[in-house]
Amino acid sequence: MRLNRSLAWLLAQLFPPACPLCSQTFSAGWTDPFCSDCLPGFLPLPAAHCPCCALPFAATENSAHLCGRCLKQPPPFRKVHALGRFDSSLRDAVHRFKFNDRVGLDRPLGTLLDRVIPTDIDIDLIVPVPLHRRRLQERSYNQALLLARELARRRQRPVAVDRLLKGAETAAQQGLPARERERNLHRVFHVQPPLHGERVLLVDDVMTTGATVRACSRVLLDAGATAVEVAVIGRA
Ligand SMILES: [Zn+2]
Ligand SMILES: [Zn+2]
């Protein structure tokens with residue numbers, strides 16, 4: 001026991017805990033996952049945003065109305081919980097996490113994401129947005145799965161690995177206009193084996209048009225989920 005503590009002390013001297021973005025050593029007693037210089041760059045959503053899909057509004061005042069898209073086509077998910085705007089430090093962190101093999105960012109980003117998801121929502125299963133197999137081979141890891149694992153660890157809930165899968169988008173689909181492509185996107189995702197009334201937390205790193213999370217949510221509900229909530233790091 002004493003040996004373990006000495007070893008921990010020695011490791012802390014050799015490798016003092018540092019900010020995963022700028023490598024600045026944390027000051028004693030610092031408990032946030034990023035340093036005081038980087039943390040302010042994680043911009044929260046503006047007060048005015050869609051209460052359903054978290055789309056930031058241009059208006060500065062907070063008005064709790066749905067965006068045009070959610071009014072016209074109510075989304076299959078209940079709500080999107082977003083850490084912040086896909087901008088500044090947050091965009092930088094997501095890019096490094098996704099493209100620069102900085103897999104160690106899963107814990108710091110997952111810590112911050114966990115803070116914006118209400119503790120009282122009911123979740124039975126955490127499901128990452130999948131990558132197509134070929135993309136997974138190129139990149140060697142799915143950043144959404146790493147985030148899902150971190151949330152699962154914190155929430156003490158199971159994470160569904162390879163339950164929601166992504167097939168190939170056909171060349172014909174890729175040529176379609178955005179709206180039609182979105183209509184066809186749900187055929188790209190499938191769930192196996194079926195679900196049995198689980199309340200799902202769907203996890204992705206970034207949400208831009210929302211086409212992917214809409215398609216995944218639809219497929220999860222069709223496969224037997226009772227409800228889907230969405231958690232993303234950045235909302236564009
Ligand atoms: Zn920093
Ligand atoms: Zn909306």
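When reading the values below, keep in mind they use all heavy atoms of this one structure, side chains included, and skip hydrogens, waters and symmetry mates. Just so you know, ligand 1 is whichever comes first in the structure, and atom 1 is the first atom listed for that ligand.
Of the angles at the Zn ion (ligand 1), the one spanning SG of Cys35 and SG of Cys38 is 110° when given to 10°. Draw a line from the Zn ion (ligand 1) to SG of Cys22 and another to SG of Cys19, and the angle between them is 110° (to 10°).
Look at Arg134 and Glu138 and you find no salt bridge, because none of the NZ, NE, NH1 or NH2 atoms lies under 4.0 Å from a carboxylate O.
Heavy-atom minimum distance, Leu136 versus Asn142: CD1-N, 3.6 Å.
Of the possible polar contacts, one joining the Arg163 side chain to the Pro193 backbone as a donor-acceptor pair under 3.5 Å is found.
No side-chain donor from either of Gln137 and Arg133 sits under 3.5 Å from a side-chain acceptor of the other.
Under 2.8 Å from the Zn ion (ligand 2) lies no N/O/S atom of Cys52, from backbone or side chain alike.
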